[in-house]
Amino acid sequence: MWYFRRYDVGDKEPAARLVQCLLFGALAVIPALSWEAPYRDLLQGSNSLPVQLALSFLVVGLGEEFFKLLAVYLAVGRAEEFSEPMDGILYAIAGGIGFSVVENVLYILAFGLAAAPLRGTAASLAHIAFSGLAGYYLGRARFGTKPLRTAATGLAVAAGAHGLYDFLLITQTVSPPVVVLLIAGLQYLLFAAIGRAVRLPSQR
């Protein structure tokens, strides 16, 4: 969070607001797990590629990104401190970090410390990218003329990226280095979004 906060060249976001988003993001794991619960057997089983594709995009990707984005909106969507488009990225990243921390702990409790290196690096960076991209559109939605459509576009982008990541990881249709390249590509897109966000006007 400290690293990405350095790119906030306008009004610095209060640490309390960022922590609030982080905590709301952590709590978003609860409805996300409830959303995935009816599909738990399928998620833990061996599926055909079409079924796994649907699970990855419509259950995991869409569900988790929706609840993360909703958590950030509930935390700061109408906050006075949300004063420029770049803030959407920062608040969403904070929410993504909170979500990722809880999810990582749950994975480690389920699969042991052997899961920690992958969860603490690749999965965390992936969640930061998914949330940050959604946050870019959230910032545009707050200061644009078509907020609902713009926010929905952000959700679709984040859910699509998340679904692709999960699908490739679970099905192992590509080698691990390709997944690493995907995460690097998502980080590139995130930094490109940061560059655009800092140049967007903050007034409606």
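In what follows, residues are counted from 1 in the order of the sequence shown.
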K.L.:
For the backbone of R5 and the side chain of K12, can you confirm whether one donor and one acceptor N or O come within less than 3.5 Å of each other?
P.N.:
yes
K.L.:
Could you state whether V102 and L33 fall into the same hydrophobic cluster, counting links through intermediate Ile, Leu, Val, Met, Phe, Trp or Tyr residues with side-chain heavy atoms under 4.5 angstrom apart?
P.N.:
yes
K.L.:
Keeping to residues at least two apart or across chains, list the salt bridge (charged side-chain N to carboxylate O under 4.0 Å, His left out) pairs with something in residues 123-138.
P.N.:
none
K.L.:
What donor-acceptor contacts under 3.5 angstrom involve side-chain atoms of residues 34-42, with partners at least two apart or in another chain?
P.N.:
residue : atom : partner : partner atom : Å
S34     : OG   : I30     : O            : 3.1
W35     : NE1  : V59     : O            : 2.9

K.L.:
Once you round to the nearest 0.5 Å, how far does CZ of F143 lie from CG of L200?
P.N.:
10.0 Å
K.L.:
Excluding sequence neighbours, so at least two apart, what forms ring-ring contact (aromatic ring centres under 6.0 Å, His included) with F66?
P.N.:
none
K.L.:
Under the 4.5 Å side-chain heavy-atom rule for ILVMFWY, direct or indirect, which residues accompany L118?
P.N.:
none
K.L.:
Report, as yes or no, whether the 6.0 Å neighbourhood of atom CD on E80 holds more than 12 heavy atoms from other residues, nucleotides or ligands.
P.N.:
no
K.L.:
More than 12 foreign heavy atoms under 6.0 Å from NZ of K146: is that the case here?
P.N.:
no
K.L.:
Does the T150 side chain pair with the main chain of L138, one donor and one acceptor, at a distance under 3.5 Å?
P.N.:
no
K.L.:
Among the clusters formed by ILVMFWY side chains lying less than 4.5 Å apart, do L53 and I170 turn up in the same one?
P.N.:
no
K.L.:
What heavy-atom pair brings G96 and K68 nearest, and what distance separates the two atoms?
P.N.:
CA-CD, 4.1 Å
K.L.:
Would you give the length of the straight line joining atom CD of Q52 to atom OG of S46, rounded to the nearest 0.5 angstrom?
P.N.:
8.5 Å
K.L.:
Could you measure the distance from the OG atom of S56 to the CG atom of L49? Nearest 0.5 Å is fine.
P.N.:
10.0 Å
K.L.:
Under 3.5 Å, side-chain donor or acceptor atoms of residues 152-169 against the rest of the protein: list the pairs with distances, not counting sequence neighbours.
P.N.:
residue : atom : partner : partner atom : Å
T153    : OG1  : R149    : O            : 2.9
H162    : ND1  : E65     : OE2          : 2.7

K.L.:
To the nearest 0.5 Å, what is the distance between CG (L186) and CG (L125)?
P.N.:
10.0 Å
K.L.:
Can you give me the closest heavy-atom contact between A126 and I183, atom names plus distance?
P.N.:
N-CG2, 4.5 Å
K.L.:
List, by chain and then residue number, the residues other than L109 in its hydrophobic cluster (Ile/Leu/Val/Met/Phe/Trp/Tyr, side-chain heavy atoms under 4.5 Å); write none if there are no others.
P.N.:
V105
K.L.:
State plainly whether one hydrophobic cluster holds both L113 and V101, where clusters connect Ile, Leu, Val, Met, Phe, Trp and Tyr through side-chain heavy atoms under 4.5 angstrom apart.
P.N.:
no
K.L.:
For I89 versus G132, what's the shortest heavy-atom pair and its separation?
P.N.:
CG1-O, 3.8 Å
K.L.:
Between G144 and P147, what is the shortest heavy-atom contact and its length?
P.N.:
O-CD, 4.4 Å
K.L.:
First locate atom CD1 of I97, then atom CD1 of I128, and finally report the distance between them rounded to the nearest 0.5 Å.
P.N.:
4.5 Å
K.L.:
What side-chain donor-acceptor pairs closer than 3.5 Å can you find for residues 14-23, not counting sequence neighbours?
P.N.:
residue : atom : partner : partner atom : Å
R17     : NE   : E81     : OE1          : 3.1
R17     : NH1  : Q20     : OE1          : 2.8
R17     : NH2  : E81     : OE1          : 3.3
Q20     : NE2  : A75     : O            : 3.3

K.L.:
Where the side chain of D8 meets the backbone of L90, is there a donor-acceptor pair that is under 3.5 Å apart?
P.N.:
no
K.L.:
What's the shortest heavy-atom distance between V72 and A92, and which atoms?
P.N.:
CG2-CA, 3.9 Å
K.L.:
Check the surroundings of atom CZ in R78: do more than 12 heavy atoms from other residues, nucleotides or ligands lie under 6.0 Å from it?
P.N.:
no
K.L.:
F99: which residues meet the ring-ring contact (aromatic ring centres under 6.0 Å, His included) condition with it, sequence neighbours left out?
P.N.:
H127
K.L.:
Enumerate the ring pair (Phe, Tyr, Trp, His ring centres under 6.0 Å) contacts for residues 169-194, please, sequence neighbours excluded, ordered by first and then second residue.
P.N.:
F4-F191, Y7-F191
K.L.:
Minimum heavy-atom separation for L58 to L62, with atom names?
P.N.:
O-CB, 3.5 Å
K.L.:
Can you sort out the partners of F111 under ring-ring contact (aromatic ring centres under 6.0 Å, His included), two or more places apart, ordered by chain and number?
P.N.:
Y107
K.L.:
Using the side chain to side chain donor-acceptor pair (under 3.5 Å) criterion, which residues pair with Y136? Sequence neighbours excluded.
P.N.:
R196
K.L.:
Can you list everything that forms a salt bridge (Lys or Arg N to Asp or Glu O under 4.0 Å) with R140? Sequence neighbours excluded, please.
P.N.:
none
K.L.:
State the CD1-CG distance between I194 and L189, to the nearest 0.5 angstrom.
P.N.:
11.5 Å
